[in-house]
Chemist: 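Structure provided below as structure tokens; questions to follow.
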Amino acid sequence: MTTQLLMEVRDLVKTFGDGETATKVLKGLNLRLDTGELTALLGPSGSGKSTLLTIIGTLMKPTSGSHTMLGVDLTKADDREVTDFRNRHIGFVFQFHHLLPDFTALENVIFPSAVRAGRETEAMRQRGRELLAEVGLENRIDFKSTALSGGQKQRVAVARALMNKPELVLADEPTGNLDRESATQVMELIGRINTEQQTSFLISTHDEKIAATCRRHVMVADGKVTG
Ligand code: ADP
Ligand code: MG
């Protein structure tokens, strides 16, 4: 399988606030991700991992620096183009699953797509069912999310992130709230999807056992990639 450049940030700077209270969090950070990579993002708490994931996810603009993905210069795109780009190409998994409690597993997986389209379609339901089977929840499709375990909820969140076949999934401490066994299952699932579908994953984690399941490790310290 050939790999190619998927995403690149160069000389990335992010400063929060201004004047006396300005905090420079990213200080000229460089990172390239290729298609099909499985990358752990490591670094002490407060080093800027979540800030970096938020910028790569196009949810926040950098103060300066370049950000390109799939050949598109995302610092130059307007808000509508960026939103459209994000919906098509990037999926998100967070530490807390952010599932809607009154919705079933299937409804949670298709909800973002249904909201964007303004309606729910049979094609969405079909894709959602396939994804839930893919993450091992074929017998939980119509369960309310509140009736699922923590690990199962996070697997629903992974299925939801994959709904639009994104090239890149950003996961911010996705196993931070799970017990060891559930965390291992979620990482096995991510590893399998990465291998089978060539989806690139960038996963921030504090957990060395979790990081060990990733082929590439990127260390962030003092606002830069250090290794
Ligand atoms: P990590 O995810 O590695 O723990 P973060 O990216 O969350 O690090 O935070 C890096 C630094 O940026 C911290 O010092 C944090 O307080 C600061 N920070 C993050 N978001 C904001 C914000 N919206 N306003 C001000 N400071 C922020
Ligand atoms: Mg964080």
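Atoms within a ligand are numbered from 1 in the order they appear, just like the ligands themselves.
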Chemist: Within a radius below 2.8 Å of the Mg ion (ligand 2), how many protein N, O or S atoms are present?
Modeler: 1
Chemist: Looking at M187 and T213, what are the two nearest heavy atoms and their distance?
Modeler: CE-OG1, 3.2 Å
Chemist: Enumerate the protein residues lying less than 4.0 Å from ligand 1, judged by heavy-atom distances, in chain and residue-number order.
Modeler: F16, V25, P44, S45, G46, S47, G48, K49, S50, T51
Chemist: Please confirm whether the backbone N or O of E37 pairs with a side-chain atom of D34, one donor and one acceptor, at under 3.5 Å?
Modeler: no
Chemist: Would the distance check show the side chain of Q154 and the main-chain N or O of G151 forming a donor-acceptor pair, the cut-off being under 3.5 Å?
Modeler: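 Pair absent, no side-chain N/O of Q154 close to backbone of G151.
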Chemist: Can you check salt bridge (charged side-chain N to carboxylate O under 4.0 Å, His left out) on R80 and D84, steps first, answer last?
Modeler: CA-CA 6 Å; R80 217 175 48 103; D84 185 56; over 6 Å; no
Chemist: Taking CG in D73 as the centre, count heavy atoms belonging to other residues, nucleotides or ligands within less than 6.0 Å. Is the count above 12?
Modeler: yes
Chemist: Using the six-membered ring wherever Trp is involved, compare the ring planes of F94 and F92 and label them parallel, tilted or perpendicular (cut-offs 30° and 60°).
Modeler: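 Answer is parallel, since the angle falls under 30°.
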Chemist: Using modelled atom types and a 3.5 Å cut-off, is there a donor and acceptor pairing between side-chain atoms of Q185 and backbone atoms of S182?
Modeler: no
Chemist: Does the side chain of R86 come under 3.5 Å of the side chain of T58 through a donor N or O and an acceptor N or O?
Modeler: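 A pair is found: one side chain offers a donor N or O, the other an acceptor, under 3.5 Å apart.
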Chemist: Taking NZ, NE, NH1 and NH2 as the nitrogens, is one of them in E134 or R192 under 4.0 Å from a carboxylate oxygen of the other?
Modeler: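 A salt bridge is present here (some side-chain N lies under 4.0 Å from a carboxylate O).
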